[in-house]
Structure formats: C-alpha cells, structure tokens
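Data first, discussion second: the structure below is written as structure tokens.
Because the structure is predicted, anything quoted here is derived from the model rather than measured. In what follows, every heavy atom counts, from backbone to side chain, and hydrogens, waters and symmetry copies are set aside.
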Amino acid sequence: MRLLVLPGDGIGPEITAATLRVLDVADRRFGLGLQIEQMDIGLKALAEQGTTLPKAVLDRVPQVDGVILGPVSHYDYPSRDKGGINPSGELRTVFDLSANIRPCRARDGLSILRKPMDLVIVRENTEGFYSDRNMFAGTGEFMPDPDMALSVRKITARASERVARAAFRLAMGRRKRVTAVHKANVLKLSDGLFLREVRKVAAEFPEVVLEELIVDAAAAHLIRRPDTFDVIVTTNMFGDILSDEASELSGSLGLGGSLNQGDTVCVAQAQHGSAPDIAGQGKANPTSLILSAAMLLDWLADRHARPALRDAARAVEAEVEAAIATPATRTADLGGPLGTAGFADCLVSALDR
C-alpha cells in the first residue's frame, strides 16, 4: 500500500511528521504494509525546482494508492507563470477529486454548542466561485479595467450530480438525512441547477430525507439546531465556509479531518491552513491531518476490500478522541500542555499498547 506524502509549507512538515509516526505504529500493529514516500511541493519546491508543484509530483499521484497533503501557503505564492501553482486546487481539478468530505462532531468540554453535533459536510470540490480552478484555460477572475474586478461562478450538472451522489451514499450509512445548502433565492440559475441535480439523485434514494436550506439559515442553524443535521451537501465556497464554522463550533478548526475523493485518486488533507506564524515552534496541533489520514485508510479499505485498513482507521480515531477528551493530553490550542511531538507521543504510546 503506497502512500505519497507532500509535507507542504508552514507547519506542514511538523504535522506531517507527527502523522507519519502515528501511521507507522498503526502499520506495525495491523500489518498494513504501508510504503511511504515523500516529495517536495510548495515554497521549498519553488526555491529548488522553480515551481510549487513539480511535474514529477503530478506524474506520481496516480501511481500510488493514496496521498497525504500538508497545508500550503498558496496566498504567498507568485503568479502561475512564475511557478506559483496552488497544489490543493490543482490536485482536485487534475485528478477530478469531486467531493471534499469533512466530518464534524462536537467534543465535550471543547464545543460551545448547547446541543450535540455529529454531521458530515460534503462539498463540491472542483468548480464554483473558485476562480483558480473553474476554467479550462485562464482564470475565472479578471479585470476589464483598473477599477472593476469580475469573478465567474461555474456550476455544472455533472459536478453537482457527483457530489450529491456522494452525499446520499454517505447518508445511507448514517441517519439517512441530507440537507442541500444553496442560495437559489439570489443565484437562481447556478444554484437552481445544483438543486435540480440534487433532487434527481434524491429520487434514487427514497429512504433518505432531503431538506433544502438557504446558506444564511444554514450558518445560523448550525449553532441553533446542530443536532438535526446529518449530511450536508453544497457547492464549493459554501462548503468551505460552513465546514470551517462547524469545525470551530465542534471545538477547534484544528480538529477537522478532510478527504478529497475521486473515483481512483484520494487525497487526505488537513482542513486548516499553514499557520506560518507558529511554524517551526512545535506548537501546531496535528489532529486534523492525523484524522484525515485515518479517513484515507478507511477509503482504501473500501477500495481494496481490506478490513485491516478500516480497523487501523478506527483505532487511530479512537485514540485521538481519547487524547483530546483529557485536558492533560491536549495541545496548547485546546488549553492543554502538549506540543506537536508530545501529542504524537501520546497517540503512539496508546496505539502501541
């Protein structure tokens, strides 16, 4: 089982190292046969190879079984013609990673919510308002004159159908409820098309209840009635914003796992950014990337019919939850005493027992 690891920028190398330590002990305990290889992307690759996403990396991705992607500082990259390519967006479009899966569960003692939350946000991953990835050539954002900027939103039936299908399939294994979040009262054509495709898919899953909710209300109801949500399906930007909100409500953005899945390629990725202000200080919470890697193991278990991979994923998730449930084994951002390496030590010790 070959995994390609791309540490990224900022805190990426630190949380990636912690994640690999956890995977190593899970590999030994469950006999997974993991083969890890690393390649450089981001600012390091730019300095050494002239691009933030070398062609060798893109060539390697479809040859391995899964990818672990650290956070990247793409806001600090130069323009594309000078080598500044957002690895996250590029991987999603090149390999058609149509669905971004982001689970959110409230944690006792960390969440500010008055009611329990256990939901999954399924976000369309390849188009929408993200102008760096919604055109065949060029960008979806442009300036006709120095005082006017325009941005094109792209919504297709194909992408909407695929993300809806991923959401309904996920709901079948959960509480059988899907909430489609939109802004069709204003974006009548684009979100109207998205809802048309969601409803068509819903007709194939009569056991699943479909709710439709305007994004403004969804943001409020995540706070007011989080216990009523099961699976949320939505477009790219709405999903990005709502999943960050839900993760913060659950206890911290650093606790949110994230998986970018396509038909044959899957990329585990921390939900948060590269946090350059604390890079190299050993303070970063590696939970998000560790949980994302566990999600990747789960995806691989389904793809290769290997129950041991799912057992390993469940064990990692259980030990993470046990660690963050105890104040003495939390990282500093959660009010605990541990840094990146100390938290990894805790998980490694627990998994190795």
Side-chain angles (χ1 to χ4, degrees), residues 96-106 113 115-126 128 155-184 191-215 217-236 238-239 242-243 245-247 249-250 256-264 266 291 294-307 309-311 313-314 317:
D96 203 14
L97 307 180
S98 57
N100 181 207
I101 313 298
R102 294 185 168 186
C104 298
R105 182 170 64 254
L113 294 171
K115 297 179 180 179
M117 176 174 68
D118 180 6
L119 58 86
V120 180
I121 294 177
V122 182
R123 163 194 173 195
E124 201 290 315
N125 216 20
T126 62
I155 300 293
T156 65
R158 177 176 180 270
S160 299
E161 184 273 335
R162 292 181 70 190
V163 75
R165 192 167 300 281
F168 277 87
R169 285 173 175 167
L170 187 58
M172 285 295 292
R174 289 176 52 88
R175 301 190 301 277
K176 295 184 173 63
R177 185 179 187 87
V178 169
T179 302
V181 173
H182 63 92
K183 190 67 175 174
D191 266 358
L193 176 59
F194 168 72
L195 287 176
R196 185 193 80 185
E197 295 305 309
V198 171
R199 292 166 186 158
K200 285 168 60 176
V201 173
E204 301 176 28
F205 295 84
E207 308 97 322
V208 178
V209 175
L210 172 63
E211 172 190 29
E212 297 176 8
L213 194 61
I214 293 175
V215 66
H221 286 288
L222 280 173
I223 301 170
R224 182 180 295 275
R225 57 174 182 93
D227 54 318
T228 66
F229 292 104
D230 181 19
V231 176
I232 294 174
V233 63
T234 189
T235 52
N236 202 342
F238 294 161
L242 290 178
S243 58
E245 178 195 2
S247 288
L249 291 171
S250 77
S258 177
L259 197 69
N260 305 289
Q261 66 177 39
D263 293 334
T264 60
C266 192
L291 289 178
M295 293 174 69
L296 177 59
L297 295 181
D298 215 12
W299 183 85
L300 289 169
D302 286 337
R303 181 167 173 76
H304 297 281
R306 289 188 54 188
L309 289 162
R310 180 167 289 108
D311 293 341
R314 296 292 175 268
E317 291 166 354

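When only modelled atom types and interatomic distance are considered, Glu124 and Thr126 share a side-chain donor-acceptor pair under 3.5 Å. The closest side-chain donor-acceptor pair between Thr179 and Glu211 falls under 3.5 angstrom.
Results of the side chain to side chain donor-acceptor pair (under 3.5 Å) test with Asn125 over Asn260, Thr235, Asp96 single out Asn260 as the only residue that passes.
Ion pairing between Arg314 and Glu317 holds under the 4.0 Å rule for side-chain N and carboxylate O. In summary, Asp191 and Lys183 do not engage in a salt bridge, as defined by a charged side-chain N under 4.0 Å from a carboxylate O. At a threshold of 4.0 Å, the pair Arg162-Glu197 does not count as salt-bridged, since none of the basic side-chain nitrogens sits closer than that to a carboxylate oxygen.
Annotation: side chain of Met172 is in contact with side chain of Val208 (closest heavy-atom distance under 4.5 Å). Asp298 is not listed as a side-chain neighbour of Leu309, based on a closest heavy-atom distance of 4.5 Å or more. Under the 4.5 Å side-chain criterion, counting only non-hydrogen atoms from C-beta, Phe168 is not in contact with Val231. You'll find the side chain of Leu222 stays beyond 4.5 Å of the side chain of Leu113, heavy atoms only.
Among residues two or more places apart in sequence or in another chain, the side-chain hydrogen bond (donor to acceptor under 3.5 Å, both in side chains) test is passed with Arg199 by Glu212.
The nearest pair of heavy atoms linking Arg175 to Asp118 is NH2-O, 2.9 Å. Scanning all heavy atoms of the two residues, the minimum distance from Ala246 to Cys104 falls at CB-SG, 3.5 Å.
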Verdict with reasoning, Thr228 to His221, per side-chain contact (heavy atoms from CB on, under 4.5 Å): CA-CA 9 Å; Thr228 66; His221 286 288; over 6 Å; no
Working for side-chain contact (heavy atoms from CB on, under 4.5 Å), residues Arg169 and Phe205: CA-CA 9 Å; Arg169 285 173 175 167; Phe205 295 84; 4.1 Å; yes
Residues Cys266, Leu259; criterion side-chain contact (heavy atoms from CB on, under 4.5 Å); working and verdict: CA-CA 7 Å; Cys266 192; Leu259 197 69; 3.4 Å; yes
Derivation and outcome, side-chain contact (heavy atoms from CB on, under 4.5 Å), residues Val120 and Arg174: CA-CA 10 Å; Val120 180; Arg174 289 176 52 88; 3.7 Å; yes
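Panel note: side chain Asn100, backbone Ser258; no donor-acceptor pair is recorded below 3.5 Å. Proximity of a side-chain donor or acceptor of Ser250 to a complementary backbone N or O of Ser247 within less than 3.5 Å is detected. Of the possible polar contacts, one joining the Arg123 side chain to the Asn236 backbone as a donor-acceptor pair under 3.5 Å is found. No side-chain donor-acceptor contact under 3.5 Å links His304 to the backbone of Arg306. A side-chain donor-acceptor contact under 3.5 Å links Thr234 to the backbone of Val181.
Remark: Arg225 qualifies as a cation-pi partner of Phe229 under the 6.0 Å distance and 45° angle criteria applied to the six-membered ring.
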